[in-house]
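Only heavy atoms go into these numbers, but all of them, side chains included; no hydrogens, no water, no symmetry mates.
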Amino acid sequence: MEEYFIKIDPYSETIDQIKRSDSYAYLAHQLGCRHVGIYAKQPFLDAAMMNAEALETDLLPAAWRYVPTGEVYFGPALWLNISETGELRVPLRRIDLLEDEIEFLGFIEPCTDFLPLGENLLDDSECGDEQSPDIEF
């Protein structure tokens, strides 16, 4: 039985399966980048692998929101599971459930466009969540 990760693509507004791989080069290729980071860590050890430099570009990638937490992320992501020892595994969250938890936002500005009116209290230093070290290829 083949195993899959889940690819979230905010450009095409699709959520699809891709073949599971331990190759970081293959995963970075799927994301269209050279540096990946792990974000959106969940208590059940699922996370989103994404372009670590997405917010450093002149034109920000399309965005998506993980509805259960309200967190907003930029660019494509691979939803996967990470063991306590760092092994990349098939996500625990099923694709049909994840489809109901992703909201595509299109092109927005970080930290301002997705906050409710009157709650723009964050400066750029407070954006994002805690990140793991980036991996370069």
If I take atom [atom1] from residue [X] and atom [atom2] from residue [Y], how far apart are they, to the nearest 0.5 angstrom?
{"X": "Tyr24", "Y": "Leu31", "atom1": "OH", "atom2": "CG", "result": "12.0 Å"}
{"X": "Tyr4", "Y": "Leu80", "atom1": "OH", "atom2": "CG", "result": "16.0 Å"}
{"X": "Lys7", "Y": "Met49", "atom1": "NZ", "atom2": "CE", "result": "13.0 Å"}

side-chain contact (heavy atoms from CB on, under 4.5 Å) between Thr57 and Asn51, intermediate numbers included
CA-CA 11 Å; Thr57 61; Asn51 180 354; 5.6 Å; no

Evaluate Asn81 against Val90 for side-chain contact (heavy atoms from CB on, under 4.5 Å), listing each step before the verdict.
CA-CA 6 Å; Asn81 185 272; Val90 172; over 6 Å; no

side-chain hydrogen bond (donor to acceptor under 3.5 Å, both in side chains) against [X], all qualifying residues, sequence neighbours excluded:
{"X": "Asp100", "answer": "none"}
{"X": "Trp79", "answer": "Asp46"}
{"X": "Glu101", "answer": "Tyr66, Arg93"}

Intermediate values then yes/no, side-chain contact (heavy atoms from CB on, under 4.5 Å), Tyr11 and Phe107:
CA-CA 9 Å; Tyr11 296 105; Phe107 293 93; 3.7 Å; yes

Quick one: closest heavy-atom pair of [X] and [Y], and the distance?
{"X": "Pro91", "Y": "Ile6", "result": "CG-CD1, 3.9 Å"}
{"X": "Phe5", "Y": "Ser21", "result": "CE1-O, 3.4 Å"}
{"X": "Arg89", "Y": "Leu45", "result": "NH2-CD1, 4.5 Å"}
{"X": "Met50", "Y": "Ala77", "result": "CG-CB, 3.5 Å"}
{"X": "Cys33", "Y": "His35", "result": "SG-O, 3.5 Å"}
{"X": "Ile38", "Y": "Ala47", "result": "CG2-CB, 3.5 Å"}

List in chain and number order the residues that pass side chain to side chain contact (heavy atoms under 4.5 Å, CB included) with Phe104, two or more places apart in sequence or in another chain; answer none if no residue qualifies.
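Side chain to side chain contact (heavy atoms under 4.5 Å, CB included) check on Phe104 returns Ile8, Pro10, Glu13, Ile15, Trp64, Ile102.
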
Donor-acceptor side-chain pairing of Ser83 and Thr85 below 3.5 angstrom:
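Checked: Ser83/Thr85 side chains pair up, N/O donor to acceptor below 3.5 Å.
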
Backbone N/O of Glu71 and side chain of Thr69: donor-acceptor pair under 3.5 Å
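Yes, the answer is positive, given that a donor and an acceptor are paired below the 3.5 Å cut-off.
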
Treating Ile, Leu, Val, Met, Phe, Trp and Tyr as nodes and any side-chain heavy-atom pair under 4.5 angstrom as an edge, say whether Tyr26 and Ile82 lie in one connected cluster.
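Linked, Tyr26 and Ile82 end up in one cluster.
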
Check the pair Leu78, Ile18 against side-chain contact (heavy atoms from CB on, under 4.5 Å), reporting the backbone distance first and the verdict last.
CA-CA 9 Å; Leu78 299 179; Ile18 65 160; 3.5 Å; yes

What residues form a salt bridge (Lys or Arg N to Asp or Glu O under 4.0 Å) with Glu103, not counting sequence neighbours?
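If we apply the salt bridge (Lys or Arg N to Asp or Glu O under 4.0 Å) test to Glu103, skipping adjacent residues, the hits are Arg65.
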
According to salt bridge (Lys or Arg N to Asp or Glu O under 4.0 Å), does anything in residues 19-31 pair up with another residue at least two apart or in another chain? List the pairs.
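Those involving residues 19-31 are Glu3-Arg20, Arg20-Asp22.
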
